[in-house]
Amino acid sequence: MADKITSRDINYSEWYNDLVLQSGLAEYAAVRGCMVIKPHGWAIWENMKSILDKMFKDTGHVNASFPLLIPKSFLEQEEGHAEGFAKECAVVTHYRLKTDPDRKGKLIVDNESKLEEELIIRPTSETIIWNCYKNWIQSYRDLPILINQWANVMRWEMRTRLFLRTSEFHWQEGHTAHATKEEAVEETVKMLNVYADFMENYMAVPVIKGVKTINERFAGAEDTYCVEALMQDGKALQMGTSHFLGQNFAKAFDVKFLSKEGKLEFAWATSWGVSTRMMGALIMAHSDDNGLIIPPKLAPLHVVIIPIYKNEEQLKTITEKADAIMKALKAKNISVKFDDSDQNKPGWKYAEYELKGVPVRIAMGMRDIENNTVEIARRDTKEKSVVSADGVDAYIENLLNDIQQNIYNKALSYRNNNLHEVNTWDEFQIQIEKGGFISAHWDGTGETEEKIKEETKATIRCIPLDAKEESGVCVYSGKPSERRVLFARAY
RNA sequence: CGGGGCGUAGUUCAGCCCGGUUAGAAUGCCUGCUUUGGGAGCAGGAGGCCGCUGGUUCGAAUCCAGCCGCCCCGACCA
């Protein structure tokens, strides 16, 4: 057996890269920092999208599309936002090329096509959207505006990793406008809950909901809420964010409305997003050295049937029986593929579908035909069992639910076993080396947060929403603290 | 932006130090036969601007210079 994938124990980071490449999720593009998301990867992303899209619509949102290019002056409008994103913007300066007079067949930038105002490729769309909202909002009757867009964005990252951080990435960004602060805050939290629901119940990744510290806040936000998850190597990953933007963008773009009382007021804003980074989370939360483990609710293919035969006649017999099973499975909305290709032996196929993360495999040979059985193997535990062919559709339906639950439980117990309350600085330093979340008291200052980061590389992932009031002393400075916050080394 | 690595067949790489037949292997691909319950075997075959440009030389994948690209490790980030 060829070892295509580095073991997690040897090098987690190589394991991740090998897995993404070998399982056919994605590959490196010819452009630095960019990736090609291949059909298998895109199919999973599409499943994520369609579930989330429905959740957004069920909570009253509608989709729209705004331009890829944003005038530089728009980005300058909101000061914090501008400073935050300035360093990572791709800039369009010209609109034309021409043939190089000195080198036949080559193209050069036509300097006569220089743009009067540079355009930037959107790193996020608050500015161009709020420029529109200025025209759309005059009265409280125009509010709320609840818009989402599915889009690609670009941030010129210095260091990139497949799915986790690429220069171009795909995401959704919700941008809402409200008449009151309360309503905007409510929206921010509502969408955070939608994200958490999706991550736990579909991705099978347990998350912790919280609020970011000022240092970690989104550029231009009043408050950034987030969902944080723990990966198998003990590092944390921010899986999504939801921002309460206050009136910052309304003021920057002069978006005012006339209230019921006849007063002119600035609108209140939120924005919230999740990206293809979730693909990275999905991979790192569940998969093993044999390949991907995809929760059934997101798997592009639920079941693969592999026939084992010695001749055409046997294949025909097996195919007939497999057809009946497939029909029954499809009737239950379970996707199934019959792989009767003659190119590879069954053993090769087993390994291949395990690599790709298909949750359930059925093997059928003549032995099964004689006994009216099939062999069923589940991807998450790799357990095999021989079951009666009668009612196999119901068996698999249950099995898929069981797999979904089992994957989640496993991730949850890992997360819980790696979340430690720590009360002294010595303990903190020892524990952070072991990985996982650390729940500790913090004095609330940016200085302490910075020092901890410098000394341990750990950041405050969030102040958990369910953090209980508990007086204590800061693990670093010894100053008083009212609640514990979550620390971790993060992606 | 610093530090390191790599660029040779579709893919992974050897060859380079020490220049010299027609540039190799594995794997994948094509043809045929035998196989098929955990990554099959045999036989035959196709496949290369040796990253680019220039230099040294009778002769360059190999030596020299410049350039380009990508990956990995650190500082910034969803």
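These numbers come from the heavy atoms of this one structure, side chains and all, not from hydrogens, waters or symmetry mates. Order of the sequence lines sets the chain letters (A, B, ...), proteins ahead of strands, with each chain counted from 1.
- For Lys310(A), the listed nucleotide lying nearest its side chain is U36(B); candidates were U36(B), G37(B), A78(B).
- Straight-line distance between the C1' atoms of U35(B) and A26(B): roughly 23 Å, to the nearest whole Å.
- Within the 4.0 Å cut-off from OP1 or OP2 of C73(B), at least one side-chain nitrogen or oxygen of Arg159(A) is found.
- Here the separation of U56(B) from G48(B), taken at their P atoms, is 31 Å to the nearest Å.
- When the side-chain nitrogen and oxygen atoms of Asn290(A) are compared with OP1 and OP2 of G39(B), none of them lie within a distance under 4.0 Å.
- Summarising the local packing, NZ of Lys72(A) is surrounded by 12 or fewer heavy atoms from other residues, nucleotides or ligands at distances under 6.0 Å.
- A salt bridge is defined here as a Lys NZ or Arg NE, NH1 or NH2 lying under 4.0 Å from an Asp or Glu carboxylate O, and Arg378(A) with Asp402(A) meets this definition.
- The side chain of Glu352(A) approaches G39(B) more closely than any other nucleotide in the set G39(B), G37(B), A78(B).
- Base pairing of C42(B) is made with G32(B), judged by Watson-Crick or G-U wobble geometry with both donor-acceptor distances under 3.5 Å.
- Residue contacts shown for Glu375(A) include a base, since a base heavy atom lies under 4.0 Å away.
- For Lys384(A) and G37(B), a side-chain-to-base donor-acceptor distance below 3.5 Å is absent, hydrogens and geometry of angles not being considered.
- The side chain of Arg361(A) has G38(B) as its nearest neighbour among G38(B), C76(B), G37(B).
- Under a 4.0 Å N-O distance rule, the pair Arg379(A)/Glu354(A) does not qualify as a salt bridge.
- Taking side-chain N and O atoms only, Tyr28(A) has a distance below 4.0 Å to OP1 or OP2 of C72(B).
- Between Lys345(A) and the phosphate of G37(B), there is a side-chain N or O to OP1/OP2 separation shorter than 4.0 Å.
- Closest to the Ile308(A) side chain, of the nucleotides G38(B), A78(B), U36(B), is U36(B).
- Under the Watson-Crick or G-U wobble criterion, with both distances below 3.5 Å, A65(B) is paired with U53(B).
- In the set U36(B), G39(B), A78(B), the nucleotide with an atom closest to the side chain of Trp348(A) is G39(B).
- Checked against U36(B), G37(B), A78(B), the side chain of Arg277(A) finds its nearest nucleotide in A78(B).
- Nucleotide G20(B) has C58(B) as its partner under the Watson-Crick or G-U criteria, with both atom distances under 3.5 Å.
- Atom-to-atom, CZ of Arg161(A) to P of A78(B) comes out at 17 Å; the value is rounded to the nearest Å.
- Comparing atom distances between the Arg32(A) side chain and each of G39(B), C70(B), A78(B) picks out C70(B) as nearest.
- Checked by distance alone, Glu354(A) brings a side-chain donor or acceptor within 3.5 Å of a matching partner on the base of G38(B).
- As rounded to the nearest Å, C42(B) and G28(B) have P atoms that lie 12 Å from one another.
- Look at A14(B): it lacks any Watson-Crick or wobble partner with both distances under 3.5 angstrom.
- Here the separation of A46(B) from U34(B), taken at their C1' atoms, is 23 Å to the nearest Å.
- Ring planes of Tyr133(A) and Trp130(A): perpendicular class, angle over 60° (limits at 30 and 60°).
- Scanning atom types as modelled, one donor and one acceptor separated by under 3.5 angstrom connect the side chain of Asp368(A) and the base of G37(B).
- Nucleotides U27(B) and A40(B) place their C1' atoms 15 Å apart, quoted to the nearest Å.
- Among A78(B), U35(B), G37(B), the nucleotide with an atom closest to any side-chain atom of Asp342(A) is U35(B).
- On the C1' atoms, C70(B) is 32 Å away from U57(B), given to the nearest whole Å.
- Annotation: C17(B) and U53(B) have their C1' atoms spaced 25 Å apart (nearest Å).
- In this structure, G2(B) forms a base pair with C73(B), meeting either the Watson-Crick or the G-U wobble geometry with both donor-acceptor distances under 3.5 Å.
- Taking a cutoff of 4.0 Å between a charged side-chain nitrogen and a carboxylate oxygen, Glu433(A) and Arg489(A) qualify as a salt bridge.
- Remark: Arg277(A) is not positioned above the aromatic ring of Phe163(A), lacking an NZ or CZ atom under 6.0 angstrom from the ring centre and at most 45 degrees off the axis.
- Each of Leu162(A) and Asn215(A) has a nearest nucleotide on RNA chain B; the 5'-most of these lies closest to Leu162(A).
- Side-chain proximity of Met158(A) to G39(B), U36(B), C76(B): nearest is C76(B).
- Test Trp42(A), Trp150(A), Trp45(A) against His170(A) for ring pair (Phe, Tyr, Trp, His ring centres under 6.0 Å) and you get one pass: Trp42(A).
- In terms of position along RNA chain B, the nucleotide closest to Ser13(A) lies nearer the 5' end than the nucleotide closest to the other residue of the pair Ser13(A) and Arg217(A).
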